[in-house]
Amino acid sequence: MKFFLDTADLAEIEEAASWGVLAGVTTNPTLYARTGGKLADFHNHIKRICEIVDGPVSAESVAMTREEIIRDGRELAALAPNVVVKVPTMIEGLAATKQLASEGIPVNMTLCFTVPQAIMAARAGARYISPFVGRFDDIAEDGLAQLADVIAALGNYDFSDAGVAGESVEVIAASVRSPHHVAQAALMGADIATVPFATLKKCVQHPLTDRGLDSFMKDWEKVQNA
Ligand code: E4P
(Lines give C-alpha, C1' and ligand atoms only; values in the text may rest on other atoms or scores of the structure.)
Protein backbone atom coordinates (compact mmCIF):
# COMPACT_ATOMS: atom_id res chain seq x y z
CA MET A 1 0.00 0.00 0.00
CA LYS A 2 1.19 3.50 -0.82
CA PHE A 3 0.83 6.53 1.46
CA PHE A 4 -0.68 9.75 0.18
CA LEU A 5 -0.94 12.82 2.39
CA ASP A 6 -4.43 14.30 2.71
CA THR A 7 -3.65 18.00 3.03
CA ALA A 8 -3.02 21.22 1.15
CA ASP A 9 -0.57 22.51 3.76
CA LEU A 10 2.81 23.05 2.10
CA ALA A 11 4.83 22.71 5.32
CA GLU A 12 3.18 19.36 6.10
CA ILE A 13 3.80 18.15 2.54
CA GLU A 14 7.46 19.21 2.62
CA GLU A 15 7.96 17.51 5.97
CA ALA A 16 6.25 14.24 4.98
CA ALA A 17 8.06 14.20 1.62
CA SER A 18 11.37 14.28 3.52
CA TRP A 19 10.47 11.02 5.32
CA GLY A 20 10.87 9.02 2.11
CA VAL A 21 7.47 7.34 2.17
CA LEU A 22 5.25 9.88 0.48
CA ALA A 23 3.79 8.69 -2.84
CA GLY A 24 1.21 11.42 -3.49
CA VAL A 25 -1.10 14.08 -2.11
CA THR A 26 -4.85 14.56 -2.10
CA THR A 27 -6.44 17.97 -1.59
CA ASN A 28 -10.04 19.11 -1.46
CA PRO A 29 -11.76 22.51 -1.18
CA THR A 30 -11.95 22.25 2.61
CA LEU A 31 -8.26 21.44 2.93
CA TYR A 32 -7.32 24.37 0.68
CA ALA A 33 -9.64 26.72 2.62
CA ARG A 34 -7.86 25.60 5.80
CA THR A 35 -4.55 26.97 4.46
CA GLY A 36 -6.14 30.43 4.23
CA GLY A 37 -5.47 30.43 0.49
CA LYS A 38 -7.39 32.68 -1.91
CA LEU A 39 -9.15 31.60 -5.11
CA ALA A 40 -6.65 33.57 -7.23
CA ASP A 41 -3.74 31.61 -5.70
CA PHE A 42 -5.30 28.16 -6.03
CA HIS A 43 -3.60 27.12 -9.27
CA ASN A 44 -0.18 28.30 -8.10
CA HIS A 45 -0.69 26.46 -4.82
CA ILE A 46 -1.40 23.20 -6.69
CA LYS A 47 1.65 23.81 -8.89
CA ARG A 48 3.81 24.23 -5.79
CA ILE A 49 2.51 20.96 -4.30
CA CYS A 50 3.26 19.23 -7.61
CA GLU A 51 6.86 20.46 -7.45
CA ILE A 52 7.34 19.12 -3.92
CA VAL A 53 5.73 15.73 -4.44
CA ASP A 54 7.13 13.02 -6.64
CA GLY A 55 3.74 11.43 -7.34
CA PRO A 56 0.13 12.16 -8.17
CA VAL A 57 -1.49 15.27 -6.67
CA SER A 58 -5.29 15.35 -6.62
CA ALA A 59 -6.83 18.79 -7.22
CA GLU A 60 -10.60 18.98 -7.00
CA SER A 61 -13.05 20.51 -9.44
CA VAL A 62 -15.78 22.48 -7.70
CA ALA A 63 -18.01 22.58 -10.77
CA MET A 64 -21.44 20.94 -10.85
CA THR A 65 -22.05 20.36 -14.59
CA ARG A 66 -20.12 18.00 -16.86
CA GLU A 67 -19.06 20.82 -19.18
CA GLU A 68 -17.67 22.86 -16.31
CA ILE A 69 -15.99 19.87 -14.68
CA ILE A 70 -14.33 19.00 -18.00
CA ARG A 71 -13.16 22.61 -18.42
CA ASP A 72 -11.85 22.68 -14.82
CA GLY A 73 -10.21 19.30 -15.32
CA ARG A 74 -8.36 20.41 -18.45
CA GLU A 75 -7.15 23.57 -16.68
CA LEU A 76 -6.00 21.64 -13.61
CA ALA A 77 -4.28 18.94 -15.69
CA ALA A 78 -2.35 21.64 -17.57
CA LEU A 79 -0.77 22.88 -14.32
CA ALA A 80 1.68 19.98 -13.96
CA PRO A 81 2.19 16.47 -15.34
CA ASN A 82 1.39 14.88 -11.96
CA VAL A 83 -2.01 16.51 -11.45
CA VAL A 84 -4.95 14.16 -10.98
CA VAL A 85 -8.37 15.77 -11.31
CA LYS A 86 -10.63 15.03 -8.37
CA VAL A 87 -14.26 14.69 -9.39
CA PRO A 88 -17.25 13.97 -7.13
CA THR A 89 -19.11 10.70 -7.63
CA MET A 90 -22.34 11.95 -9.21
CA ILE A 91 -23.93 11.72 -12.65
CA GLU A 92 -22.25 14.85 -14.00
CA GLY A 93 -18.99 13.65 -12.50
CA LEU A 94 -19.23 10.27 -14.23
CA ALA A 95 -19.85 11.91 -17.61
CA ALA A 96 -16.94 14.31 -17.09
CA THR A 97 -14.67 11.46 -15.96
CA LYS A 98 -15.43 9.51 -19.10
CA GLN A 99 -14.42 12.49 -21.25
CA LEU A 100 -11.33 13.42 -19.23
CA ALA A 101 -10.12 9.80 -19.23
CA SER A 102 -10.56 9.65 -23.01
CA GLU A 103 -8.21 12.66 -23.22
CA GLY A 104 -5.63 10.86 -21.08
CA ILE A 105 -6.36 13.00 -17.99
CA PRO A 106 -6.36 10.89 -14.81
CA VAL A 107 -9.36 11.29 -12.50
CA ASN A 108 -9.77 10.51 -8.81
CA MET A 109 -13.47 9.96 -8.13
CA THR A 110 -14.10 11.25 -4.65
CA LEU A 111 -16.98 11.20 -2.15
CA CYS A 112 -17.48 7.54 -3.03
CA PHE A 113 -19.38 5.61 -0.37
CA THR A 114 -20.92 2.49 -1.92
CA VAL A 115 -20.11 -0.48 -4.13
CA PRO A 116 -22.39 0.64 -7.00
CA GLN A 117 -20.80 4.10 -6.95
CA ALA A 118 -17.31 2.57 -7.08
CA ILE A 119 -18.16 0.24 -9.96
CA MET A 120 -19.69 3.10 -11.92
CA ALA A 121 -16.63 5.25 -11.26
CA ALA A 122 -14.37 2.48 -12.54
CA ARG A 123 -16.57 1.96 -15.60
CA ALA A 124 -16.45 5.68 -16.36
CA GLY A 125 -12.67 5.40 -16.45
CA ALA A 126 -11.54 6.75 -13.07
CA ARG A 127 -7.81 6.19 -12.47
CA TYR A 128 -8.40 6.34 -8.70
CA ILE A 129 -11.50 5.74 -6.59
CA SER A 130 -11.69 7.17 -3.08
CA PRO A 131 -14.09 5.35 -0.75
CA PHE A 132 -14.51 7.42 2.42
CA VAL A 133 -14.12 5.55 5.70
CA GLY A 134 -14.35 8.07 8.55
CA ARG A 135 -17.48 9.82 7.34
CA PHE A 136 -19.37 6.51 7.65
CA ASP A 137 -18.10 6.19 11.20
CA ASP A 138 -19.31 9.78 11.80
CA ILE A 139 -22.89 8.63 11.14
CA ALA A 140 -22.47 5.49 13.27
CA GLU A 141 -21.93 3.14 10.32
CA ASP A 142 -18.94 0.87 9.71
CA GLY A 143 -16.66 2.68 7.25
CA LEU A 144 -14.08 -0.11 7.16
CA ALA A 145 -16.74 -2.68 6.24
CA GLN A 146 -17.85 -0.43 3.38
CA LEU A 147 -14.24 -0.09 2.21
CA ALA A 148 -13.81 -3.87 2.31
CA ASP A 149 -16.94 -4.30 0.17
CA VAL A 150 -15.70 -1.79 -2.41
CA ILE A 151 -12.27 -3.47 -2.68
CA ALA A 152 -13.84 -6.94 -2.97
CA ALA A 153 -16.36 -5.85 -5.59
CA LEU A 154 -13.82 -4.03 -7.77
CA GLY A 155 -11.53 -7.07 -7.54
CA ASN A 156 -14.20 -9.19 -9.24
CA TYR A 157 -13.81 -7.38 -12.55
CA ASP A 158 -11.29 -6.19 -15.09
CA PHE A 159 -11.58 -2.47 -15.79
CA SER A 160 -8.50 -2.22 -18.00
CA ASP A 161 -10.63 -1.26 -21.02
CA ALA A 162 -12.29 1.63 -19.14
CA GLY A 163 -9.77 4.31 -18.17
CA VAL A 164 -6.59 5.95 -19.41
CA ALA A 165 -4.95 3.38 -21.71
CA GLY A 166 -2.42 1.15 -19.96
CA GLU A 167 -3.36 2.26 -16.44
CA SER A 168 -5.52 0.30 -14.05
CA VAL A 169 -7.86 1.68 -11.41
CA GLU A 170 -6.50 2.01 -7.86
CA VAL A 171 -8.45 2.30 -4.61
CA ILE A 172 -7.52 5.14 -2.27
CA ALA A 173 -8.79 4.56 1.26
CA ALA A 174 -9.90 8.10 2.13
CA SER A 175 -11.35 9.91 5.10
CA VAL A 176 -8.85 7.96 7.14
CA ARG A 177 -8.72 9.04 10.76
CA SER A 178 -6.44 6.63 12.63
CA PRO A 179 -3.56 4.13 12.33
CA HIS A 180 -6.22 1.45 12.85
CA HIS A 181 -7.95 2.60 9.66
CA VAL A 182 -4.57 2.49 7.88
CA ALA A 183 -3.79 -1.02 9.14
CA GLN A 184 -7.19 -2.38 8.18
CA ALA A 185 -7.03 -0.73 4.74
CA ALA A 186 -3.67 -2.43 4.15
CA LEU A 187 -5.00 -5.82 5.29
CA MET A 188 -7.88 -5.44 2.82
CA GLY A 189 -5.42 -4.67 0.03
CA ALA A 190 -6.26 -0.99 -0.55
CA ASP A 191 -3.75 0.29 -3.09
CA ILE A 192 -3.30 3.61 -1.31
CA ALA A 193 -4.31 5.26 1.97
CA THR A 194 -4.59 9.03 1.99
CA VAL A 195 -3.86 10.14 5.50
CA PRO A 196 -3.88 13.49 7.36
CA PHE A 197 -0.45 14.62 8.58
CA ALA A 198 -1.13 14.01 12.29
CA THR A 199 -2.36 10.47 11.55
CA LEU A 200 0.61 9.73 9.28
CA LYS A 201 2.90 10.74 12.12
CA LYS A 202 1.02 8.46 14.53
CA CYS A 203 1.49 5.59 12.06
CA VAL A 204 5.25 5.55 12.68
CA GLN A 205 4.97 5.93 16.46
CA HIS A 206 4.48 3.27 19.13
CA PRO A 207 5.01 3.45 22.91
CA LEU A 208 7.01 0.22 22.83
CA THR A 209 9.31 1.72 20.20
CA ASP A 210 9.81 4.76 22.46
CA ARG A 211 10.36 2.59 25.54
CA GLY A 212 12.82 0.32 23.70
CA LEU A 213 14.73 3.29 22.33
CA ASP A 214 14.91 4.87 25.76
CA SER A 215 16.39 1.72 27.35
CA PHE A 216 18.87 1.25 24.45
CA MET A 217 20.07 4.84 24.94
CA LYS A 218 20.44 4.41 28.70
CA ASP A 219 22.37 1.13 28.29
CA TRP A 220 24.61 2.70 25.65
CA GLU A 221 25.43 5.49 28.11
CA LYS A 222 26.59 2.78 30.55
CA VAL A 223 28.84 1.31 27.83
CA GLN A 224 30.33 4.75 27.12
CA ASN A 225 31.03 5.36 30.83
CA ALA A 226 32.41 1.86 31.52
C1 E4P B 1 -10.13 12.40 0.25
O2 E4P B 1 -9.44 12.54 -0.74
C3 E4P B 1 -10.61 13.50 1.10
O4 E4P B 1 -9.82 14.63 0.87
C5 E4P B 1 -10.49 13.21 2.56
O6 E4P B 1 -9.91 11.95 2.81
C7 E4P B 1 -11.71 13.51 3.35
O8 E4P B 1 -11.47 13.22 4.71
P9 E4P B 1 -12.42 13.73 5.87
O10 E4P B 1 -13.66 12.92 5.85
O11 E4P B 1 -11.63 13.52 7.11
O12 E4P B 1 -12.71 15.19 5.60
Side-chain angles (χ1 to χ4, degrees), residues 1-10 12-13 16-17 21-37 42 45-46 49-50 52-53 55-63 69 72-73 76-77 82-90 93-94 96-97 100 105-114 117-118 121-122 124 126-148 150-151 154 169-186 188 190-203:
M1 188 175 74
K2 289 172 273 187
F3 287 100
F4 284 9
L5 194 62
D6 197 26
T7 187
D9 184 303
L10 295 178
E12 289 182 351
I13 295 167
V21 295
L22 190 64
V25 163
T26 51
T27 68
N28 65 35
T30 303
L31 294 171
Y32 181 61
R34 230 175 254 166
T35 68
F42 177 61
H45 194 88
I46 294 296
I49 297 175
C50 288
I52 302 169
V53 182
V57 173
S58 290
E60 191 153 342
S61 165
V62 287
I69 298 170
D72 257 10
L76 291 167
N82 50 338
V83 165
V84 171
V85 181
K86 219 172 174 192
V87 174
T89 309
M90 57 182 187
L94 289 173
T97 295
L100 291 169
I105 296 175
V107 171
N108 172 3
M109 288 218 86
T110 188
L111 290 170
C112 174
F113 290 91
T114 69
Q117 284 181 316
R127 173 71 180 80
Y128 302 95
I129 298 174
S130 293
F132 277 38
V133 175
R135 292 192 192 190
F136 265 121
D137 297 355
D138 292 345
I139 59 162
E141 289 191 34
D142 187 346
L144 285 171
Q146 298 287 345
L147 174 65
V150 164
I151 291 171
L154 290 176
V169 63
E170 289 186 278
V171 172
I172 304 179
S175 189
V176 159
R177 306 273 173 80
S178 66
H180 175 68
H181 281 165
V182 173
Q184 293 306 307
M188 288 168 200
D191 301 292
I192 297 151
T194 191
V195 186
F197 183 75
T199 309
L200 192 66
K201 210 168 175 184
K202 279 186 201 158
C203 284

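Just follow the structure's listing: the first ligand is 1, and inside any ligand the first atom is 1. Reckoned from all heavy atoms, side chains included, excluding hydrogens, waters and symmetry mates.
Shortest contact from atom 5 (C) of ligand 1 to any protein heavy atom: Asp6 OD2, 2.9 Å. Taking atom 8 (O) of ligand 1 as the reference point, the nearest protein heavy-atom neighbour is Ser175 CA, 3.3 Å. Atom 4 (O) of ligand 1 has Asn28 ND2, 2.8 Å as its closest protein atom, hydrogens excluded (heavy atom only). What sits closest to atom 12 (O) of ligand 1 on the protein, heavy atoms only, is Arg135 NH2, 2.8 Å.
Taking every non-hydrogen atom of Arg177 and a distance limit under 4.0 Å, the qualifying atoms of ligand 1 come out as 9 (P), 10 (O), 11 (O). Short contacts between ligand 1 and Ala174, defined as distances under 4.0 Å to a heavy atom of the residue, involve ligand atoms 1 (C), 6 (O). Close contacts of ligand 1 with Phe132, meaning ligand atoms under 4.0 Å from a residue heavy atom, involve 1 (C), 3 (C), 7 (C). Short contacts between ligand 1 and Lys86, defined as distances under 4.0 Å to a heavy atom of the residue, involve ligand atoms 1 (C), 2 (O), 3 (C), 4 (O).
In the model, Glu12 has a side-chain atom that pairs as donor or acceptor with a side-chain atom of Thr7 under 3.5 Å. Under the 3.5 Å distance criterion, with hydrogens and angles disregarded, no donor-acceptor pair is assigned to the side chains of Thr35 and Asp9.
In this structure, Phe113 and Phe132 have tilted ring planes: the angle between them lies in the 30° to 60° band.
For the pair Ala16 and Leu5, the tightest heavy-atom approach, listed with the atom from each and the gap, is CB-CD2, 3.7 Å.
His181 places a side-chain heavy atom less than 4.5 Å from the side chain of Leu144.
Under a 3.5 Å cut-off, the side chain of His45 and the backbone N or O of Ala8 do form a donor-acceptor pair.
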